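This structure is a prediction, so every number in the text was calculated from the model and none was measured. The basis for the numbers below is simple: all heavy atoms, side chains too, and nothing from hydrogens, waters or symmetry mates.
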Amino acid sequence: MNIIQRFACCLLLLLFMTDGKAQGILRVQGRLIVNERGEKVILRGMGLGGWMLQESYMLKVGPVGPQYRIKRRIEELIGKEKTAAFYDGWLASQTRKIDIDSMAAWGFNSVRLPMHYRLYTLSVEEEPVPGKNTWLEKGFALTDSLLSWCKANHMYLILDLHATPGGQGHDYNISDRDSTKPSLWDSEANRQKMIALWRRLAERYANEPFIGGFDIINEPNWGFEDAKDRNGLKETQNAPLRKLMMDITAAIRSVDKKHIIIIEGNGWGNNYRGVLPPWDDNMVLSFHKYWNPNTEDAIRTYLQLREQYNIPLWLGESGENNNTWYRECIQLVESHDIGWSWWPLKKIGTNNPLEVRMTPEYQRLVDYLTGKGPKPTEQETEEALKGLLQNVRLENNIYHKEVTDALFGR
């Protein structure tokens with residue numbers, strides 16, 4: 001290889017390393033997200049669904065419901081101490097540096113972290129002093145570790161509060177909501193805890209260039225005006241949602257003037273009636289897109305909001321479809337300078353980059369939990385969960401290259 005060829009190879013390598021990778025704190029410039037150099041950034045990311053917050057369909061136990069019920073059922077089989085040990089093992093195994101390294105190698109430049117508030121603070125009901133916040137190191141330490149893995153790969157980390165204090169909607173799985181307790185919207189104490197948590201996070205990461213933004217509430221779905229409109233699809237005012245997001249923004253801005261604020265509308269992040277106009281000059285509007293056509297008509301509402309309010313768009317969540325749909329969806333949004341975050345990285349079943357294998361022992365546990373089989377013994381349950389902890393690790397996953405090829409148009 002002569003010197004010209006060597007120079008060309010080095011130049012190509014440099015371009016590969018910097019294209020789309022983290023280049024300082026992101027900010028809003030008109031209808032675009034840009035880096036500190038003022039260069040357009042298209043976020044191409046993946047959501048770490050199932051790590052801090054288990055959704056039952058990812059574990060093939062859909063009928064059981066939200067995570068707290070899954071935990072309760074496991075406790076009935078092996079006791080609280082062993083259940084707690086299983087969940088510690090889950091957090092140590094489901095997402096690790098090897099996962100982030102692999103995502104970077106596949107072409108992703110960002111990661112969306114779905115956070116469960118109970119890893120960072122106690123619930124309102126558990127607080128020893130009402131109105132005070134007890135901070136838990138576990139969630140912050142996990143976030144710090146993930147951030148260090150992202151930094152090592154020059155990737156942006158977007159913090160997403162997926163499970164809020166009390167729960168933000170009637171879709172219980174996505175927020176781990178216990179309907180026997182006050183929701184986020186029924187409790188001022190829950191809302192104040194959420195505001196305080198965001199202030200704490202913003203203060204911790206205020207000067208961190210690899211934090212891509214704060215996605216302050218995931219998929220609210222609530223009927224404020226009409227209780228029968230359970231998921232807020234027909235809501236016209238969304239006044240409580242707007243007020244809460246404005247209060248959270250004010251708390252963040254009291255300690256962090258730089259990072260992007262990402263907002264989501266009602267109705268699983270899509271109903272923006274009454275939410276806008278924006279109240280901050282460094283804000284991005286997120287929408288979620290599942291199972292609808294990959295046409296401009298399908299995203300026209302958001303394109304119009306971008307034009308009307310001069311605000312960037314971000315497809316904060318999409319997936320759970322086939323590879324042709326994936327490819328067409330990403331081509332559609334990127335043609336409009338819209339970045340994206342897919343969902344999720346891994347689960348039991350397809351169609352995701354990583355598939356978690358089922359063992360016969362875990363299948364028998366699933367059969368019992370879903371009412372299709374006999375009750376396993378304590379030892380059988382432990383074996384099933386031990387196998388799950390092994391198979392959730394990336395080196396034991398099935399990698400579906402055809403999925404990442406579809407996501408990147410290869």
Side-chain angles (χ1 to χ4, degrees), residues 19-22 26 33 41-55 57-58 93-116 142-143 145-162 174 210-215 218-219 262 264 269 284 286-290 314-323 325-327 329-331 333-334 338-356 392-395 397-410:
D19 181 31
K21 297 295 184 179
L26 296 177
I33 297 173
V41 173
I42 299 295
L43 293 169
R44 300 179 175 99
M46 179 63 71
L48 301 178
W51 184 33
M52 287 188 171
L53 170 62
Q54 293 173 335
E55 294 189 37
Y57 81 97
M58 297 183 188
S93 302
Q94 202 267 359
T95 297
R96 298 146 59 221
K97 186 175 185 297
I98 188 175
D99 294 278
I100 308 307
D101 293 346
S102 298
M103 288 169 57
W106 298 333
F108 294 98
N109 63 13
S110 54
V111 175
R112 180 173 178 247
L113 172 63
M115 301 179 295
H116 195 312
L142 288 168
T143 308
S145 293
L146 177 60
L147 177 60
S148 72
W149 306 333
C150 289
K151 290 174 72 169
N153 286 287
H154 299 278
M155 300 170 75
Y156 287 108
L157 174 60
I158 296 167
L159 303 184
D160 147 46
L161 192 54
H162 225 74
I174 65 172
F210 289 92
I211 291 291
F214 302 129
D215 188 353
N218 176 70
E219 294 189 340
I262 301 169
E264 298 188 28
V284 168
S286 172
F287 66 100
H288 293 186
K289 185 180 188 303
Y290 286 99
W314 179 54
L315 176 55
E317 208 176 286
S318 189
E320 306 292 16
N321 211 306
N322 62 57
N323 291 334
W325 192 92
Y326 291 176
R327 187 178 291 108
C329 179
I330 288 174
Q331 288 173 348
V333 297
E334 288 204 11
I338 300 171
W340 45 270
S341 180
W342 229 243
W343 183 266
L345 174 64
K346 66 174 73 172
K347 70 175 190 289
I348 298 173
T350 57
N351 192 34
N352 303 93
L354 298 173
E355 179 182 354
V356 179
V392 81
R393 297 167 71 88
L394 181 138
E395 57 268 32
N397 296 162
I398 302 169
Y399 170 44
H400 291 286
K401 183 176 182 294
E402 68 278 8
V403 176
T404 51
D405 284 350
L407 294 176
F408 292 98
R410 293 191 286 259

Taking the side chain as C-beta and beyond, is there a heavy-atom pair between Gln54 and Gln94 under 4.5 Å?
no
Taking the side chain as every heavy atom from C-beta outward, state whether His288 and Glu264 have any pair of such atoms under 4.5 Å apart.
yes
Give every residue pair that meets the salt bridge (charged side-chain N to carboxylate O under 4.0 Å, His left out) criterion with at least one member in residues 150-161, sequence neighbours excluded.
Arg112-Asp160, Lys151-Glu208
Lys347 and salt bridge (charged side-chain N to carboxylate O under 4.0 Å, His left out): which partner among Glu55, Glu320, Glu355?
Glu320
Tell me which donor-acceptor pairs under 3.5 Å the side chains of residues 403-410 have, and how far apart each pair is, sequence neighbours excluded?
residue	atom	partner	partner atom	Å
Thr404	OG1	Tyr399	OH	2.7
Thr404	OG1	Lys401	O	3.0
Asp405	OD1	Lys401	NZ	3.3
Asp405	OD1	Arg410	NE	3.1
Asp405	OD2	Lys401	NZ	2.9
Arg410	NH1	Trp106	O	3.4
Arg410	NH2	Trp106	O	3.2

With distance as the sole criterion, is a donor-acceptor pair present between the side chains of Asn351 and Asn322 under 3.5 Å?
no
Are Ser341 and Leu315 packed together at the side-chain level, in the sense that at least one heavy-atom pair is separated by less than 4.5 angstrom?
no
Decide whether Asn397 and Lys346 meet the rule of one side-chain donor and one side-chain acceptor closer than 3.5 Å.
yes
Minimum heavy-atom distance Pro114-Met52, with the two atoms named:
O-CB, 3.5 Å
Partners of Trp342 by ring-ring contact (aromatic ring centres under 6.0 Å, His included), sequence neighbours excluded?
Tyr326, Trp340
With Phe210, the side-chain contact (heavy atoms from CB on, under 4.5 Å) member among Leu147, Leu157, Val111:
Leu147
So, for Ser93 and Val392, which heavy atoms are closest and what is the spacing to 0.1 Å?
CB-CG1, 3.8 Å
Which of these, Ile211, Ile33, Leu43, sits in a side-chain contact (heavy atoms from CB on, under 4.5 Å) with Tyr156?
Leu43
